[in-house]
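What follows is a set of notes on a single structure, which appears directly below.
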Amino acid sequence: MDYIIVCAAALLASGLTLFSGFGLGTLLMPVFALFFPVEAAIAMTAVVHLANNLFKIGLVARDADWRIVIRFGIPATLAALLGAGLLTMFSGMESLFEYELGSQTREITPVKLMIGLLITGFVALELSPRFARLALPPSWIPLGGLLSGFFGGLSGNQGALRSAFLIKAGLSKEAFVGTSAVCAVMVDAVRLSIYWAAFHASGWKVLQGDEGNLVLAASLSAFLGAYFGKKLLKKVTLRTVELSVAGMMGLIGIALLTGLL
C-alpha cells in the first residue's frame with residue numbers, strides 16, 4: 001500500500017508541477033511522512049526532487065534561456081550555500097505558535113512565517129491586473145536568484161520564489177519551464193551536498209533497504225509524470241502557466257503561514 005500511495009502522489013505531483021515549476025517536494029514529503037520518520041521523509045523527498053529535476057532537464061533544457069540561467073541561477077546557487085549553512089542555526093529557534101490538529105502538533109516557525117509572507121505577497125501582486133501586464137526589469141533577475149536560493153537552502157522552499165520572478169522575465173512558456181528546471185538543479189545540487197555532509201557527520205544513515213527501494217519507485221513515477229506533463233505543455237497557454245504558478249504559490253504560502261507545512 002505504501003508503494004501505491006507514494007508512487008501515485010509522485011506521478012500526479014510531478015505532472016502538475018511541471019507547469020508551475022515547483023511543488024513536487026512540498027506535496028510529496030507529507031506522503032513519505034505517513035510511513036517514515038520526518039527526518040527520513042525529508043531526505044527521501046530531496047532525492048526524488050533532485051532526480052526528477054535532472055530528468056526534466058533532459059526533457060526541457062533545450063528550451064532554457066541560458067542568459068537568464070546565468071543571471072538567476074548563479075546568484076541562487078551562491079545564496080543557497082549561505083541558506084543551507086544557516087539551517088542548523090535557525091532549526092534551533094523556538095516556534096512562534098503551536099496548535100493541535102487531530103493527533104498532530106502543528107507549529108509556525110520564524111522561517112515559515114517569513115517565507116509564507118513573501119509568497120503570499122507575490123500572489124497578491126500576481127492576481128493584480130496591472131502587475132499581470134508588467135515585465136520584470138532585467139536588474140531584478142539576480143535579486144530573485146539570491147532570494148530564491150537563500151530560502152531554498154534554508155528551508156527547501158525555493159520554487160515559489162523562483163517562479164514568481166521567472167514568470168515575469170518575459171519568457172515563453174517553454175523557456176520558463178526549461179529555465180526553471182535548470183536553476184532548480186543548480187540549487188538542489190548545492191543544498192543537498194551540504195545536507196548530506198551533515199547527515200554523514202552525525203552518523204545518520206538513510207536510504208537503505210525499503211527506504212531506498214521506495215525512493216527509486218517514487219523517482220520513476222515522477223519521471224512518468226514529468227514526461228506526460230511535457231506532452232500537455234504544448235496545449236496550454238502562458239496565462240494558464242501564470243495562473244498555475246499563482247495558485248500553487250497561494251496554497252503553499254497559506255500552508256506555511258498556518259503551520260500545515
Side-chain angles (χ1 to χ4, degrees), residues 17-26 46 49-50 52-54 56-57 59-87 89-90 111-112 114-126 131-132 134-195 238 241-242 244-246 248-250 252-253 256:
T17 60
L18 181 79
F19 306 111
S20 65
F22 66 97
L24 173 63
T26 303
H49 191 266
L50 177 59
N52 187 59
N53 277 327
L54 288 170
K56 282 166 61 177
I57 281 184
L59 295 175
V60 299
R62 65 181 179 182
D63 297 320
D65 186 322
W66 291 97
R67 294 173 300 172
I68 300 296
V69 168
I70 292 172
R71 291 175 58 82
F72 188 95
I74 292 178
T77 302
L78 296 175
L81 287 169
L82 176 61
L86 290 174
L87 177 60
M89 180 191 306
F90 281 97
V111 173
K112 289 181 180 180
M114 188 185 310
I115 299 174
L117 288 173
L118 278 172
I119 290 175
T120 51
F122 277 115
V123 172
L125 287 174
E126 182 63 36
F131 186 77
L134 183 67
L136 193 68
S139 59
W140 284 60
I141 296 297
L143 174 62
L146 288 172
L147 287 173
S148 172
F150 176 75
F151 286 110
L154 183 61
S155 69
N157 294 284
Q158 57 153 322
L161 292 176
R162 181 183 64 245
S163 292
F165 280 90
L166 292 185
I167 201 68
K168 290 299 177 185
L171 301 171
S172 67
K173 61 184 180 182
E174 293 84 4
F176 166 74
V177 172
T179 303
S180 182
V182 173
C183 292
V185 166
M186 294 171 68
V187 172
D188 274 349
V190 168
R191 70 184 181 93
L192 287 178
S193 64
I194 294 177
Y195 296 164
L238 180 60
V241 176
E242 291 176 341
S244 173
V245 169
M248 287 292 295
M249 287 174 63
I252 291 174
L256 287 169

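All of these numbers come straight from a predicted model, not from anything done at the bench.
- Rounded to the nearest 0.5 Å, atoms CG (Leu81) and OG1 (Thr77) are 7.5 Å apart.
- Nearest heavy atoms, Cys183 versus Phe72: SG-CD2, 3.8 Å.
- If you take CZ on Phe165 and CD1 on Ile68, they are separated by 12.5 Å, rounding to the nearest 0.5 Å.
- Here the CZ-CH2 distance, from Arg71 to Trp140, works out to 13.5 Å after rounding to the nearest 0.5 Å.
- The two residues Ala189 and Leu50 make their nearest non-hydrogen contact at N-CD1, 4.4 Å.
- To the nearest 0.5 Å, atom CD of residue Glu174 and atom OG1 of residue Thr179 are 11.0 Å apart.
- Here the closest non-hydrogen pair linking Ile57 and Val185 is CD1-CG2, 3.4 Å.
- Nearest approach of Pro142 to Ser139, heavy atoms of both residues: CD-O, 3.6 Å.
- Applying the side chain to side chain contact (heavy atoms under 4.5 Å, CB included) test to Ile74 and every residue at least two apart in sequence or in another chain returns Ile70, Leu78, Met186.
- In this structure, OG in Ser180 is found 12.5 Å from CG in Asp63, a value given to the nearest 0.5 Å.
- The nearest pair of heavy atoms linking Leu146 to Pro75 is CD2-O, 3.6 Å.
- Panel note: side chain Ser148, backbone Ala76; no donor-acceptor pair is recorded below 3.5 Å.
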